[in-house]
Each structure stands twice: as C-alpha cells, then as structure tokens.
Amino acid sequence: MSTWSHRLRELGIELPEVVAPLASYLPAVRTGNLVYTAGQLPIVSGELTRTGKVGADVDPDDAEDLARLCGLNALAAVNALVGIDAVTRMVKVVGFVASAPDFGGQPGVVNGASALFAQVFGDAGAHARSAVGVSELPRNAPVEVEIIVEVT
C-alpha cells in the first residue's frame, strides 16, 4: 500500500522542520478527526524568505511559489502532530495575500498551495478554499496559508 510519505519521496519533496511559533500558539491542533494548522509563513530555516506586498514588491508568480512553501510548512506541522500518513483528505485551505491596493490575483497566488496538495494527495487533495487579500501580514510576509485536514 502506497503512503503519503512514499508519495512525497517519489516527488522528491522533503517536508521541512516545523516552523517555531512566532507568538503564543501551537503549529497544529487536533480535535476529533480534524487537524487545524496555524497560519504558516514562507519561512525556511527560521528566516522569512520574502517581504512586501504582492502586486507591488513581490511578483504574483513569485508569490505563488511562496504560497507553495507555506503549504509545505503546513504539511510539516501536520506531520509533526499526527504523521503525514494519517491524512485521509484535505478539507480546507485559507490563503492570505498581502496585496497592493489594486491587486486582485489572490486566487492565483494561493494556487501555489492548492497545486502542491493536489500533487501530493491526488483526489484526496481536493479542498474548499478561501483566498483573501489583506493589507498586512505578520513580519511583512507576502503570503500566509493555513489548512484543515481530515485524519485517521
């Protein structure tokens, strides 16, 4: 039987270490058969990889890559709590995009995370989603992603 961890290896994707909380919260919490993650920023090795507003300081294509990184960090939080192989399906993705005043491409940016989940989980990666434009995110990050997954 193939597992999600096996699928990640096939894709050459290594989940990063869980990003340490920036304040007083947990990276992920389980209630019943659902795991909710905290919002994940595009952080690598403890460092925010980019800052600024999408559509002004950050190109939308670059922001899509940053959303994918946020998605990887969210999966790392799930993995640390219950193990990635416990995931039965993606339920919901919420993406926040720090947007320049006239930028309306938030759905395209959040596609970076959605495409990752489809790549890893196939049909089980289909999910409900919100892509929200905001004026500011923590640490001046351009993108933040949180997820809800169903687990065994």
Side-chain angles (χ1 to χ4, degrees), residues 3-5 7-8 10-23 25-44 48-55 58-100 103-152:
T3 61
W4 302 131
S5 54
R7 177 72 179 140
L8 287 167
E10 285 179 341
L11 294 168
I13 297 172
E14 186 173 334
L15 293 179
E17 292 295 316
V18 177
V19 174
L22 303 176
Y25 61 88
L26 297 171
V29 174
R30 180 178 183 162
T31 182
N33 66 338
L34 296 176
V35 171
Y36 293 74
T37 70
Q40 299 294 314
L41 302 178
I43 291 177
V44 174
L48 187 62
T49 59
R50 245 350 247 282
T51 60
K53 304 279 187 286
V54 179
V58 180
D59 180 81
D61 290 335
D62 293 339
E64 189 174 350
D65 293 339
L66 295 171
R68 182 183 191 281
L69 177 54
C70 294
L72 283 171
N73 287 339
L75 291 180
V78 171
N79 188 51
L81 184 66
V82 298
I84 198 71
D85 293 327
V87 174
T88 57
R89 73 163 295 120
M90 295 294 303
V91 176
K92 177 91 186 241
V93 174
V94 180
F96 301 96
V97 181
S99 303
F103 181 72
Q106 293 84 6
V109 170
V110 180
N111 277 347
S114 293
L116 168 70
F117 303 139
Q119 184 182 28
V120 172
F121 299 113
D123 290 342
H127 52 270
R129 187 178 90 175
S130 299
V132 182
V134 298
S135 61
E136 296 290 333
L137 286 170
R139 300 174 90 187
N140 197 28
V143 184
E144 181 175 350
V145 172
E146 63 183 53
I147 64 174
I148 303 169
V149 296
E150 182 181 50
V151 297
T152 55

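Heavy atoms only: backbone and side chains are in, while hydrogens, waters and symmetry mates are out. Remember, it's a predicted structure, so these values are computed and weren't measured experimentally.
Pro42 places a side-chain heavy atom less than 4.5 Å from the side chain of Leu48.
A donor-acceptor pair is defined here as one N or O able to donate and one able to accept, closer than 3.5 Å; such a pair exists between the side chain of Ser99 and the backbone of Val97. Between the side chain of Ser130 and the backbone N or O of Val94 there is no donor-acceptor pair closer than 3.5 Å.
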Residues 115-129, side-chain donor-acceptor partners within the protein, below 3.5 Å, at least two apart:
{"residue": "His127", "atom": "ND1", "partner": "Gly125", "partner atom": "O", "Å": "2.7"}
{"residue": "His127", "atom": "NE2", "partner": "Ser114", "partner atom": "OG", "Å": "2.8"}
{"residue": "Arg129", "atom": "NH1", "partner": "Asn111", "partner atom": "OD1", "Å": "2.8"}
{"residue": "Arg129", "atom": "NH1", "partner": "Ser114", "partner atom": "OG", "Å": "2.9"}
{"residue": "Arg129", "atom": "NH2", "partner": "Pro107", "partner atom": "O", "Å": "3.1"}
{"residue": "Arg129", "atom": "NH2", "partner": "Asn111", "partner atom": "OD1", "Å": "3.4"}

Can you give the donor-acceptor pairs under 3.5 Å from side chains of residues 60-80 to other protein atoms, not counting sequence neighbours?
{"residue": "Asn73", "atom": "ND2", "partner": "Leu41", "partner atom": "O", "Å": "2.9"}
{"residue": "Asn73", "atom": "ND2", "partner": "Ile43", "partner atom": "O", "Å": "3.1"}
{"residue": "Asn79", "atom": "OD1", "partner": "Ile84", "partner atom": "N", "Å": "2.8"}

Extract all donor-acceptor atom pairs below 3.5 Å that involve side chains of residues 136-147 and protein atoms in other chains or at least two apart in sequence.
{"residue": "Glu136", "atom": "OE1", "partner": "Lys53", "partner atom": "NZ", "Å": "3.4"}
{"residue": "Glu136", "atom": "OE2", "partner": "Lys53", "partner atom": "NZ", "Å": "2.9"}

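Nearest approach of Val35 to Ala28, heavy atoms of both residues: CG1-CB, 4.0 Å. Considering every non-hydrogen atom in both Asp85 and Thr3, the closest pair reads OD1-CB, 3.2 Å.
Qualifying side chain to side chain donor-acceptor pair (under 3.5 Å) partners for Thr51, counting only residues two or more places apart in sequence or in other chains: none. Residues passing the side-chain contact (heavy atoms from CB on, under 4.5 Å) test with Glu14, sequence neighbours excluded: none. Listed by chain and number, the residues in a side-chain contact (heavy atoms from CB on, under 4.5 Å) with Thr31 are Tyr36 (sequence neighbours excluded). With sequence neighbours excluded, no residue forms a side chain to side chain donor-acceptor pair (under 3.5 Å) with Gln40.
With rounding to the nearest 0.5 angstrom, the CH2 atom of Trp4 is 12.5 Å from the CD1 atom of Ile13.
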Practice item. Evaluate the criterion side-chain contact (heavy atoms from CB on, under 4.5 Å) for residue pair Glu150 and Val87; output intermediate values, then yes/no. Key: CA-CA 6 Å; Glu150 182 181 50; Val87 174; over 6 Å; no

